[in-house]
Amino acid sequence: MNSEKVIFAFFIVLALTLNFGFFLGGMDDVNHHNIYELFAAIVVSLISTVLKVGDRTHLGAVFLATSLVADLQLIAAAIVWGYTANVMGDSLGGHSLATVISLSGGALLANLISVVLLVSETITVRR
Amino acid sequence: MSNLIYILFRRLRSPLIVLILVYAIAITGFVIIPGVDDQGQPWEMSFFHAFYFVSFMGTTIGFGEIPYAFTDAQRFWTLITLYASVIAWLYGIGVLLSVFQDPAFRQQMRRNSFIRRVKNIREPFYIICGYGDTGMQLAHSLSDSNIFSVVIDPSEDRINELEADDFRTMPLSLCDDASQSEVLEIAGIKHPWCQGIISIADKDTVNLTVAIVAQLLNPDLRLIARAETPEAEANILSFGANEVINPFETFASRLALSLKSPSLYCLYDWLTGAAGQCMREPPVPKHGLWIICGFGRFGRALYDHLDDEGASLRVIESDRKIRDIPSGSIIGRPTEADTLIKAGIKDSVGIIAGTDVDANNLSILMTAEEVNPDTFRVARQNEDNNSHLFQAAQFDMLMQRGNVISNTIFALIRTPMLGDFLRIVSRFKNDRANELVSRIIGVVRDDVPELWELRVCEDETPALFKTIKKQQVLVEDILHGELRLEHLEQKRTLSAMPLFLKRGSGNVLLPENNRIIRAGDRFLMCGTYEARNEMLRVVKNINVLESLLCGRQIPAGWLFRKILKVNCTREVREEGVNNE
C-alpha cells in the first residue's frame, strides 16, 4: 500500500462526494444547500488540484485539467453566492440560487470524470 | 519549459497544501465563532467577510477588525490563525526561493534559455565544442570578425570564464558534454543556419564522438576537428571530417617546410596566421645536426618530418623506459649542460625543446644558448599563461598548441577554399613557391594582406552574375591588374590577385588574366583591405561594373542610356585556356 496513493484517492473522492452533497436538493430551496459544504468542496478541490500538478504523464495532465475545471466552476458558484448575499443584499433564491447549483453541477461532472480516471487507472494496475 | 514548471510544482506541493489548509481552517473558524454588530446584536460572519478578513490578516496587511469590532473569542481565534498563516506564507516563499537557488533548477533554466536562443538564431553560426585555450582564441577571432558561435564545454568554470569575458558578439554557451547527441542537437547541429562544427576538445575520444554524431545527424555539415595522435586523425577523417588538425603534426611539418623551402613556410605562416599580421621575414634554419629534447607525441612527429627532410637528428629523452627510441639517442636530462654537450650541441644547427613541461623547455634553451649561442632554438609552449615568459625569451620559433590550432581553423572558416589551396601548394618545388610568394608580395607590397572568397552567384555578386550572362568578362577585367575605377581619368592598379579558382570539380591555381569568368566560379582572392572593399563594390553594383567594362562612365537611368545610345558589348573572344 502506497500512502501517497491513499491521500491522492482520498482527496479526489472527497471532492466528488462533497460536491455531490451540495448539489443534491431542490433547485429553488436554499435550505437544501449548505454553504459549509460548498466551502469544503472548494477547499478539497483546490488541494486535489495541487496534488495533481507536476505529474508529467498523459493521465496526470487530464487529471489536472478536470480538477482545474471543477475549481473554476465551484469558485464561480461561490462568487455568485457571495455577491448576491453581500453586495445585492438579497436572500439567495430564484435565479441566483439556480446559477449557483448548476455551476456546482458542472463541477460535479468534472469531479466524476476525475474519479472515473482514477478507477480506470487502478484497474489497469496488475496485482 | 514544461520541465521547469514540473520541478517547481513538485517542490511547491506541500507548502501550497499547507497554505490552503490554514486558510480553510481560519475561515471556517471565523464563520462559526459568533460576534456582535455595532448595535450589540448577535452577528455571524459570512464566508465572504471571513475570507476578506483572513486574506489581509494572512498577508500581514491588517486593515483592522472589519466590519464590526471583534469579540474576545474572535480575537483569540485571530491570534492563533495570524501566526499560523504567517508561518505558512514564510514556508511557501522559503521553498520557492530555494527552488530558484537549486543548481538543478538553474541548470534547467539556463538550458531552456539556451535552446530558445539557438532556435532564434537568424545568421550563419558555428558550433565550437571545447572551450580551452584553443577554443577561447577561436571564439574571440570569430566574434571579432562578426561570425556568431555556439560554445559547448563540460566544465562550468570555463563557461563562467566565457560569460565574464569581453566579446564583440557574445557567443551562446552551454555547460554540457558535447559527445552526447542530444546536446549537439539542442546546440543547433540541424539548424538551417549552422555552417559547421568545430570539435577542439582536449580528448581525442570526445572529438571522435562529435565527428560520428555530426556525420549521423547532419552529414552535409562542415566538420573541423582536432586530433593529437595520427590514429585518431585517420579515424576522424574516416567519419567525413573536412579538416583534421593535429597541432604536433602541423607544427612539425611547418618546421620541416622551413628547412625545405623558406618561402613556402612564409606563405603558410601568413595564410594561416593571425588576422591582420604582416608578412614576416621567414626564420632561416640550416641543414645539419638537430637535437630534439623529449620524445613524446611532439618529438615523434618532429623526428618523422625532419627525418624526411634528410636532417641528421639526435634525441635526448629522460625516460629510460620509453619504447622504439631511435638508435644513437641520449638518455638523460636535457636541462643539464653535460647532456646537451654529449648530444653534440656545439656542432648542432638547431635545438628543439619539446617536453611537456614549460619550465624544462625554457631551461633547456637557456642552457643551450650558453653553450652554443648560434644554434636555432625552437620552443614548445604548453600552458597559455606562460606566453609572457616565452615571448620575453625571444626564441627563433615558438610552438603554441592553442595558437596553431585556432589560427588554422579560423583561416579555414573564413576562407574554406584555403585548405585545398594549401594542399596543392605544398607539393610545389622551391622555385615555383618563390615565384608565388614574390608575386603576392608584389601585389600587396607593405600592406597587411587579406584573404577573401568571391563566389559568382546571384546572392553574393549580383552585378557580376547578371553581366556575365550578357557578355564575356575576363579575370583581368575586374579581379586583377590595372582597372579604370572611379572617375575613369586614369587607370589604377588593383592591389589584389586571384590565387585559386574552383569551377565545378576542377581546380585552377593562379587563374590566368584572360580566363573567362563563369557562373558558379569560386575565387580565392588575396590583396589589401582597400582592394577587397573596392572589388566587392564592383561585383555588387551593376553601374560601377558596367562603367568599368566599358571604360567610360555610363548613365544609371534608362532614359539617358537611350538618349546617349550606350552600347557596351564587346566582341566575343574564344576562351583560350582549358581547365587544368
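Small disclaimer: the values here were computed from a predicted structure and weren't measured. The analysis underlying the following values was restricted to heavy atoms, covering all of them including side chains, and did not include hydrogens, waters or symmetry mates. The chains referred to below are lettered A, B, ... by the order of the sequence lines, with proteins before strands, and numbering in each begins at 1.
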Could you tell me which non-hydrogen atom of B:Leu217 sits nearest to which non-hydrogen atom of B:Ser181, and how far apart they are?
CD1-O, 4.1 Å
Can a donor-acceptor pair be found, under 3.5 Å and without considering hydrogens, that links the side chain of B:Gln195 to the backbone of B:Trp193?
yes
Donor + acceptor pair across side chains of B:Ser179, B:Asp177 (<3.5 Å)
yes
Derivation of the side-chain contact (heavy atoms from CB on, under 4.5 Å) call for A:Leu74 and A:Ser104:
CA-CA 6 Å; A:Leu74 287 175; A:Ser104 80; 4.2 Å; yes
Positions in residues 27-52 of chain B that reach chain A, provided some heavy atom is under 4.5 Å away:
B:Ile27, B:Thr28, B:Val31, B:Ile32, B:Ser46, B:Phe47, B:Phe48, B:His49
Taking the six-membered ring for Trp, are A:Phe22 and A:Trp81 parallel (under 30°), tilted (30 to 60°) or perpendicular (over 60°)?
tilted
Which region of A:Leu51, side chain (C-beta onward) or backbone (N, CA, C, O), has a non-hydrogen atom less than 4.5 Å from a non-hydrogen atom of chain B, or is it both or neither?
both
Testing the 3.5 Å rule here: is there a donor-acceptor pair between the side chains of B:Ser14 and B:Tyr91?
yes
Using heavy atoms and a sub-4.5 Å threshold, report which of residues 57-86 of chain B line up against chain A, by residue number.
none
Just by modelled atom types, is the A:Leu64 backbone N or O under 3.5 Å from a matching donor or acceptor in the A:Ser67 side chain?
no
Any non-hydrogen side-chain atom of A:Leu117 less than 4.5 Å from a side-chain atom of A:Ser114?
no
Just checking heavy atoms, which of residues 27-46 of chain A are less than 4.5 Å from chain B?
A:Ile35, A:Tyr36, A:Phe39, A:Val43, A:Leu46
Quick check: do A:Asn2 and A:Phe8 have side-chain heavy atoms less than 4.5 Å from each other?
no
Looking only at heavy atoms, the pair that brings B:Ser199 and B:Asn207 closest together is OG-OD1, 2.7 Å
Please check if the side chain of B:Asp153 supplies one atom and the backbone of B:Arg158 the other of a donor-acceptor pair under 3.5 Å.
no
Find out whether B:Met170 and B:Leu162 are in side-chain contact, i.e. whether some heavy atom of one side chain is under 4.5 Å from a heavy atom of the other.
yes
Donor-acceptor pairs under 3.5 angstrom involving side-chain atoms of residues 11-20 of chain A: please list them, not counting sequence neighbours.
residue	atom	partner	partner atom	Å
A:Thr17	OG1	A:Val13	O	3.2
A:Thr17	OG1	A:Leu14	O	2.9

